[in-house]
Protein chains: 2
Amino acid sequence: MRVTADDVAEAAGVSRAMVSRAFTEGAPIAARKRAHVLAVAESLGYRPNRIARGLTGSQTGLIALVVGAVSRPYEAWLLETMSREIRAARNWPLLLQVQPGDELDNALEDALAYQVDGAIVAAGSVSPALAERCRNSGAPIVMVGRIMPGGDTDAVCCDNRLGLELLVDHLASSGRKKLAWIGGTPETFSNIERHDGLMQALARRGMKLLAARQGDYSVDSGLAQALTLLTAPEKPDAILCGNDAMALGAIAAARRLGLSVPGDVAITGFDDIPAAAWEPYQLTTVRNPVLETTREALRLLRQRIEGRSGTHDSDPAAEIVRLSPELIIRQSA
Amino acid sequence: MRVTADDVAEAAGVSRAMVSRAFTEGAPIAARKRAHVLAVAESLGYRPNRIARGLTGSQTGLIALVVGAVSRPYEAWLLETMSREIRAARNWPLLLQVQPGDELDNALEDALAYQVDGAIVAAGSVSPALAERCRNSGAPIVMVGRIMPGGDTDAVCCDNRLGLELLVDHLASSGRKKLAWIGGTPETFSNIERHDGLMQALARRGMKLLAARQGDYSVDSGLAQALTLLTAPEKPDAILCGNDAMALGAIAAARRLGLSVPGDVAITGFDDIPAAAWEPYQLTTVRNPVLETTREALRLLRQRIEGRSGTHDSDPAAEIVRLSPELIIRQSA
DNA sequence: CTGAAAGCGCTTACAG
DNA sequence: CTGAAAGCGCTTACAG
């Protein structure tokens, strides 16, 4: 059978409470005794049962991690970073992958039943009611890449408008005049902000859009929409895409039509996913600061988790962190 | 505070045991009473605490899921499929992402402390000692894409040799004579089998390899190695790559050198990741049956988990499932 | 610093 | 089918 704290206590000649303390950082226990208990535990192959510990203690070490479908390169990149950082903080991610638009109330409730210490939500939509429930259950949520309407949930998000400003600036100053836009999934937070940023950047320069199409953030949609744009009577000399994946598709479209990139048409993305740097693409884009985003999200979460043990009367206001994207100039524009 | 089973019991006018039974499939409870308890629970917003349940009951519903870095497309595809299927089975994946070659004993021990019901290991290396420990802790392991030397751990794995046989057959019958190979990370199970399968397929036809290079399963390594092959004095007329990612790199290399694919050189991959079908690639490859693999892995795991509650005296022998890859012919070969 | 005791929120024999 | 009781493996006041 599994070895238990009682077994260790007996073997070490101490009380069960002491073996618990030996494994609890900062618990009152003589240094020598701790060393002894730990040694005995090691020799017996004992590890505290985290489930039992979770029942009593204040934390389970579990964090719900909600991301979009990782077959999409940006999501994969985000997940990879988050999962690594969560583990580095000695927590375990409970993974929930959702399709765009998925209601995740049910799934998150389920995660709550596991007494997760908190949740990082980078996809799907959570109702205000659920966010409220999470707070009450002592499981803070932090949103990534989106900001909840009420403004009472912590969030960390890239400055999408600035990103488009940087891209338009780059294109305009390299003499591009006829800009077209391929937007991502409509109604998504990022798409709304990016489109908005684009329109502002153009307005600021007295420019206007030649054409706008709508994709769904996938490579295929970028390909299809770019094909339409590039076979229209009046062709754009630059296509801004709502994310990198669509931009990769747009590059493929241009090539299929025998157009040179950036000679005939400049193409830009958003995110700077790993594939953006690959040989056949060399995509000019803006970098979504995924690592900084992850660290900030974890910091906010940690802050709430600690805070929750303090005075309950006044929850500090929600913190919204905006991170700046960086222009990455490669060959495509 | 959180509402507890006692609260529900009181509100419903039954014992705490009955509310537990109401939430336990197949537990002895009158249908009407169950409905009543469930209704009361719902109105109170009660959900059984899975941590408490895990302490008493026989299952936690947690499954450790070990995959390689998901920035790699095959791993992303696998993770996406596995996480979806695990959730569909109403379990939660505890995600562990590892780098190739990572010893995952420590991490898995940690997962064991969470009383996971089992583990699916698709990356990293687990020592026989750990596999043993897992079995003893009642947390069966099933390996995916690799088979443990001892042969006493369940595994499901693609028939790598058959895959190469299909590819060589296709190339040979389209008249290719000078075949080159770009292998993946050496010492990995898949690489050894694929290389082996290649050599067997060639031998069977009295052919031999023009050249062999070694990559690391990344796009960049495929690009670099293909560049070398394609600038050598004697160029291959076909390059077989150990996986799709390297094949995508190889296609980029050919293009960079102004060679046509498949005109000047045929290029093949392995896996059939989503990107293989993308416009600029149109990769001919063999499909690694990821969904079937996932389902088989879950079936094996489930089988062990159920089995463990039965008679303990004789563990059924390990089951090794081999799944056949399928040739997917596109443009690149 | 240390130990005995109570309790975390459930489930499951046990006895009706 | 139902309830009272014991127990899962810990942690944490409480009293030394």
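Reminder, nothing fancy here: chain letters follow the sequence lines and each chain counts from 1.
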When you measure from every atom of DNA chain C, which of residues 37-53 of chain A have a heavy atom less than 4.0 Å away? none

Looking at every strand, decide which applies to A:Ser20 at a 4.0 Å heavy-atom threshold: base, sugar-phosphate, or nothing. base

Report which part of the nucleic acid B:Ala17 touches: base, sugar-phosphate, or nothing (heavy-atom distance under 4.0 Å, all strands). base

From [atom1] of [X] over to [atom2] of [N], roughly how many Å is that when rounded to an integer?
X        : N      : atom1 : atom2 : result
B:Tyr114 : D:dC10 : OH    : P     : 14 Å
A:Arg2   : D:dC8  : CZ    : P     : 14 Å
B:Gln59  : C:dC10 : CD    : C1'   : 16 Å
B:Gln115 : C:dT11 : CD    : P     : 16 Å
A:Met18  : C:dA5  : CE    : P     : 17 Å
B:Phe23  : C:dT12 : CZ    : P     : 15 Å
A:Arg16  : C:dA5  : CZ    : C1'   : 9 Å
B:Leu112 : D:dG9  : CG    : P     : 15 Å

If the C1' atom of C:dT12 is compared with that of C:dG16, how far apart are they to the nearest Å? 16 Å

Can you tell me how far P in C:dG9 sits from the matching atom in C:dA13, rounded to whole Å? 23 Å

Side-chain donor/acceptor contact of B:Arg21 with base of C:dT12 under 3.5 Å: no

Can you tell me which stems DNA chain D forms when a stem means 3 or more consecutive Watson-Crick or G-U pairs under 3.5 Å? C:1-3 with D:14-16, C:5-12 with D:5-12, C:14-16 with D:1-3

Check whether the side chains of B:Glu319 and B:Gln303 place a donor and an acceptor atom closer than 3.5 Å, and report yes or no. yes

Answer with yes or no whether the side chains of B:Glu85 and B:Thr294 bring together a donor and an acceptor at under 3.5 Å. no

Salt-bridge contact [X]-[Y] (side-chain N to carboxylate O under 4.0 Å):
X        : Y        : value
A:Glu80  : B:Arg72  : no
B:Asp117 : B:Arg302 : no
A:Asp7   : A:Arg16  : no
A:Arg295 : A:Glu292 : no

Strictly below 4.0 Å: does B:Lys33 bring a side-chain N or O up to OP1 or OP2 of D:dC1? no

With side-chain contact (heavy atoms from CB on, under 4.5 Å) as the test, pick out the partner of A:Val142 among A:Val121, A:Thr153, A:Leu301, A:Leu298. A:Leu301

If you round to the nearest 0.5 Å, how far is CD1 of B:Ile120 from CD1 of B:Ile86? 4.5 Å

Which value, rounded to the nearest 0.5 Å, describes the distance between B:Asn91 atom CG and B:Ile63 atom CD1? 4.0 Å

Starting from the 5' end of DNA chain D, give me the residue, B:Ala31 or A:Thr56, whose nearest nucleotide shows up first. B:Ala31

Assign each of B:Ile29 and B:Leu55 to its nearest nucleotide of DNA chain D by heavy atoms, then name whichever residue's nucleotide is nearer the 5' end. B:Ile29

Which one, D:dT2, C:dC1, D:dG9, comes nearest to the side chain of A:Pro28? C:dC1

With a 3.5 Å distance limit and no angle check, can you tell me whether B:Thr56 reaches the backbone of B:Arg53 through a side-chain donor-acceptor pair? no

